[in-house]
Amino acid sequence: MWAIRRAPNPIRNQSCCILFNHAFYAKPEAFSNLDNGVQYSKVCLINGTYHLKRPVSGGGFHPPLLLVWGRNLSSQVGPKSSDKEDDLEDGFSDLEVPPETEKIEELAEKNDDELVSEVDSAEEDVDEADKDSLAFSDTETDYSEKELAKKSRSSPVFKIIMEATRPSLNSALDQWVEAGNPLGRGEISLALLNLRKRRWYGKALQFMEWLETSKRLEYGEREYASRLDLVAKVQGLQKAENYIDKIPKSFRGEFLYRTLLANCVAAVNVKKAEEVFNKIRDLGFPISTFACNQLILLYKRVDRKKIADVLKMMEKEDVKPSLFTYRLLIDTKGRIHDISGMEEVLATMKAEGIEPDLYVQAVIAKHYIFASENQKAETLLKNIEGDDISKNRAACKLLLTLYAALGKTDDVERIWNVCEQNPRLEECLAAIEAWGKLGKVEDAEKVFEKMMKSWKRLSSKYYNVLLKVYANHKLLSKGKELAKRMSDNGCRIGPLTWDALVNLYVGAGEVEKADTILQKASEQNQVKPLYNSYISVLEKYADRGDIHNAEKIFHRLRQIGYVGRMRQYQLLLQAYANAKTPAYGFRERMKADNIFPNKTTLAQLQAVDAFRKTQISELLD
């Protein structure tokens, strides 16, 4: 599929850069360079003209994937979804995910927090030399919950880190080592894996700092990359960049910069991500599938039109797309309701010998459901089941959620009956959500209690799913009881629990209480609340026309690093519109933040423009 069409000099040696500041741009125009007769593309940006020193294809053979993507990028969208598509042009995941099937996205991406990048480290080939590397990515090693719990109990270092307070952690580790206990690479890796899985990034960073200062670990590029990843997660991107300057130059390889890139994408910092990607090119490192996937993931969230640029670059650099690449492209097509385009990408993927895995099929089924293509969805679900679902347990957790999204109570019950005698944790979670989706709260509670009996001690993750069911059904008193039960059982409360509590109180109409929860959570913890938690509160203030509180939430979002997302600007504009108050200087605020309005936002800006002309005002003037 990927034809090798290289210019006489490698692209990385040309002054070529296909990435630019976050801005909307018109269609590329061709113009002639009279010096060498090579045709280049010109992109008209809002803030000026940027020349891409790159040959423009004058026809001929195009890779099927790039051709399919370009042909369907702005077509195939029905009238009913045109407004939604425009929101997605600059929007973010809170606008994109079909609400009734968002759990599929969590399962498919194996991440339950929107702040974590969809890092596909697992798809990368691992050299023999890397097999002993430190646990690095949150998705690199796929341990089941039982396996992880067993390994946690067998890790004395992790137990020390878990029980010690932050101020006493270093001395506790010193005492343990001085007592003659061994601390090898395997033990270190296991402790870090457990800390990462529980998102205890602060303690993980402190542990790595202790390892370096006490010279208990010999640092290589992957060790520096692991620490860089933690610095970015705990202290932010600027501190992470500063940390790179302290790393010996011999260890500043492609893996280090791709780690920074993934964190820039996780933070949805478009400008910084593009700078890091160009840094990788400028340093002469080969462009990896991983780096390209990160860009696709970023543009999938903020400006899908730029995905075509990434695909063209991949073709020119002969970068092979991976299963994860196709998953991103299929999901992007589905999110803009381009079902035929999604199917063409799938056909191209199969033609290249890459078969869709279980999660790709689940994403396709999700979009069929959201597009009301129920017959196609049911056919695909039967295919996912196979001949005997009891021998295909890996599919059960996905099928429970998807059948619930279709409203198929009998099928949910049938799949759960297969799991019920010997359930797995993820199946229990899916069943609780499925029953909640179908309005069967009591059945969801039965599954939860069965889970509590089978596993004596569970993390907050497993309470959160039932808490979310209560929030969706506005069962405030039951939600409060469950939250108290979590506390009594010693559960660590984090962003997902805060999000569930916020939605619980918002659903009950107690927006101020939800606001207070967010405020306390952000003040008392190093980990910041989820973006959607703030959006839930901001939406209610916007509906009320409460400009003061809407501006307060908007300011908090900026303070903690949630910038570059259109949704918060749209909601703030909605607050002004509902209050029937002009929003003076709002265009300038957006421009200063490097945010450029789409069609929906332009209409909102016009509605709150103090100087706009109406038919009556023109007559009176």
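No hydrogens, no waters, no symmetry mates; every other heavy atom, side chains included, goes into these values.
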Exercise. Assess whether salt bridge (charged side-chain N to carboxylate O under 4.0 Å, His left out) is satisfied between E539 and R567, documenting all intermediate values.
Key: CA-CA 10 Å; E539 281 177 344; R567 184 60 173 158; 3.2 Å; yes
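- Across all non-hydrogen atoms, the minimal contact from L228 to A240 is CD1-O, 3.2 Å.
- Remark: R304 is not positioned above the aromatic ring of Y299, lacking an NZ or CZ atom under 6.0 angstrom from the ring centre and at most 45 degrees off the axis.
- The two residues I547 and A575 make their nearest non-hydrogen contact at CG1-O, 3.9 Å.
- In this structure, K591 has no side-chain hydrogen bond (donor to acceptor under 3.5 Å, both in side chains) partners at least two apart in sequence or on a different chain.
- Between F586 and Y576, the ring-plane angle classifies as perpendicular under the 30° and 60° cut-offs.
- For Y257 and F277, the ring centers sit 6.0 Å or farther from each other.
- Nearest heavy atom pair, residue A273 against residue V265, reads CB-CG2, 4.3 Å.
- Annotation: side-chain contact (heavy atoms from CB on, under 4.5 Å) contacts of A514 (sequence neighbours excluded): V502, Y505, V506, V537.
- A side-chain donor-acceptor contact under 3.5 Å links S536 and N503.
- Listed here is the closest heavy atom pair of R198 and R492: O-NH1, 3.4 Å.
- Between Y359 and R327, the closest side-chain pair of non-hydrogen atoms falls below 4.5 Å.
- Both tests do not hold together for K279 against F285: distance to the six-membered ring centre under 6.0 Å, angle to the ring axis within 45°.
- Using a 3.5 Å distance cut-off with no hydrogens or angles, the side chains of N242 and D245 do not pair a donor with an acceptor.
- Using modelled atom types and a 3.5 Å distance limit, the side chains of T600 and Q570 yield no donor-acceptor pair.
- Between the side chain of D609 and the backbone N or O of L605 there is no donor-acceptor pair closer than 3.5 Å.
- For the residue pair S322/T325, the side-chain donor-acceptor check at 3.5 Å is satisfied.
- By the salt bridge (charged side-chain N to carboxylate O under 4.0 Å, His left out) test, R544 is found to be paired with E512, residues two or more places apart in sequence or in another chain being considered.
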(Q) Could you go through K312 and E317, starting from their C-alpha distance and side-chain angles, then the distance that decides it, and tell me whether this counts as salt bridge (charged side-chain N to carboxylate O under 4.0 Å, His left out)? (A) CA-CA 9 Å; K312 184 175 288 188; E317 296 274 0; over 6 Å; no
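- The heavy-atom pair separating A542 from L571 by the smallest distance is CB-O, 3.3 Å.
- Using a 3.5 Å distance cut-off with no hydrogens or angles, the side chains of N532 and D499 do not pair a donor with an acceptor.
- Looking only at atom types and distance, the side chain of Q568 has a donor-acceptor partner in the side chain of Y531 under 3.5 Å away.
- Under the side-chain hydrogen bond (donor to acceptor under 3.5 Å, both in side chains) criterion, Y534 pairs with no residue, sequence neighbours left out.
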Test side chain to side chain contact (heavy atoms under 4.5 Å, CB included) applied to R335 and F370, step by step: CA-CA 9 Å; R335 286 172 185 257; F370 193 52; over 6 Å; no
task = Let me see the working for E274 and K306 under side chain to side chain contact (heavy atoms under 4.5 Å, CB included), right down to the final yes or no.
result = CA-CA 12 Å; E274 291 174 347; K306 289 186 180 181; 3.5 Å; yes
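- With sequence neighbours excluded, the residues that form a side-chain hydrogen bond (donor to acceptor under 3.5 Å, both in side chains) with D543 are Q574.
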Given the rule in the salt bridge (charged side-chain N to carboxylate O under 4.0 Å, His left out) test, do E241 and K272 qualify, once you have shown the distances and angles that lead to the verdict? CA-CA 10 Å; E241 286 187 286; K272 191 71 70 178; 2.9 Å; yes
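- A 4.5 Å side-chain heavy-atom check between R252 and L283 finds every atom pair outside the cut-off.
- When only modelled atom types and interatomic distance are considered, T601 and N598 share a side-chain donor-acceptor pair under 3.5 Å.
- Under a 3.5 Å cut-off, the side chain of T332 and the backbone N or O of L328 do form a donor-acceptor pair.
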List the steps and the verdict of side chain to side chain contact (heavy atoms under 4.5 Å, CB included) for S226 and R196. CA-CA 11 Å; S226 182; R196 283 179 174 276; 3.4 Å; yes
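- Within the structure, every pair that satisfies the salt bridge (charged side-chain N to carboxylate O under 4.0 Å, His left out) test and touches residues 547-561, not counting sequence neighbours, is listed here: D515-K552, D515-R556, E551-R589, R558-D593.
- Scanning both residues, V234 and G202, for their nearest heavy atoms gives CG2-N, 3.7 Å.
- If you check the side chains of R166 and Q206, you find a donor sitting under 3.5 Å from an acceptor.
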